[in-house]
Amino acid sequence: MPARKPEEVDRLLAELLSAGDLEGVVALYEPGATFVAQPGAAATGHAAIRQAPAQFLAMKPTLRLQVASVTAAGDLALLVSKWTLTGTGPDGKPVTMAGTGAEVVRRQADGTWRFVLDNPYAG
């Protein structure tokens, strides 16, 4: 189910990542999109973006994401989100991460929305 409103891109990301659907996650990004995999390390393009969530998926995560604000201008929108991710680390111990993200999404020709820039470590 594609995102029909800007904030739905974040909701779908949380659902797909929590479900372990790597290809579904990657499909939320434009082909030339950029994802900040960790502070100071950006991945651009589907091949590079595919590698970043794969690391999170190994944790069998549950991602909770709340969109705090949406600012739209034509076919672009800036989302600010609060997120928490829980999972299991490689040592078998529980892992919890949290942060504030900033995402730019763009309306596609078919009316759906996809990520252009995704920085979960913006705040």
Residue pair Ala52 / Ala37: nearest heavy atoms and the distance that separates them: CB-CB, 3.7 Å
- prompt: For the side-chain hydrogen bond (donor to acceptor under 3.5 Å, both in side chains) test, which of Glu7, Glu103, Gln66 pairs with Ser81?
  reply: Glu103
Path from Leu16 to Met59 over hydrophobic side-chain contacts below 4.5 Å: yes
query: Can you name the nearest heavy-atom pair linking Leu12 to Pro2, along with the distance?
result: CD1-C, 3.7 Å
field: Passing option when Phe35 is tested against Asn119, Val25, Asp118, Leu28 for side chain to side chain contact (heavy atoms under 4.5 Å, CB included)
entry: Asp118
query: Is Leu17 reachable from Tyr121 through a run of hydrophobic residues whose side-chain heavy atoms are each under 4.5 Å from the next?
result: yes
statement: Looking only at heavy atoms, the pair that brings Gly20 and Leu57 closest together is CA-CD2, 3.6 Å
Val36 reachable from Met97 in the ILVMFWY side-chain graph, under 4.5 Å edges: yes
message: Please check: side-chain N/O of Arg106 versus main-chain N/O of Arg114, any donor-acceptor pairing under 3.5 Å?
response: no
message: For the OG1 atom of Thr86 and the CZ atom of Arg64, what is their distance to the nearest 0.5 Å?
response: 6.0 Å
- prompt: Looking only at heavy atoms, what is the nearest atom pair of Leu76 and Trp113, with distance?
  reply: C-CZ3, 4.1 Å
field: Within one Ile-Leu-Val-Met-Phe-Trp-Tyr cluster: Tyr29 and Leu78, side-chain cutoff 4.5 Å
entry: no
task: Taking all heavy atoms of Ala77 and all of Val70, pick out the closest pair and write down the distance.
output: CB-CG1, 4.4 Å
message: To the closest 0.5 Å, what do you measure between CD1 (Ile49) and CZ (Phe115)?
response: 9.5 Å
query: Applying side chain to side chain donor-acceptor pair (under 3.5 Å), which residue pairs with at least one partner in residues 31-50 are found, sequence neighbours left out?
result: Glu23-Arg50, Thr34-Thr44
- prompt: Would Val116 and Val67 show up in the same hydrophobic cluster when neighbours are defined by side-chain heavy atoms closer than 4.5 Å?
  reply: no
task: Look at the side chain of Thr62 and the backbone N and O of Ser18, then say whether any donor-acceptor pair between them is shorter than 3.5 Å.
output: no
- prompt: Is the CZ atom of Arg4 crowded by more than 12 outside heavy atoms at less than 6.0 Å?
  reply: yes
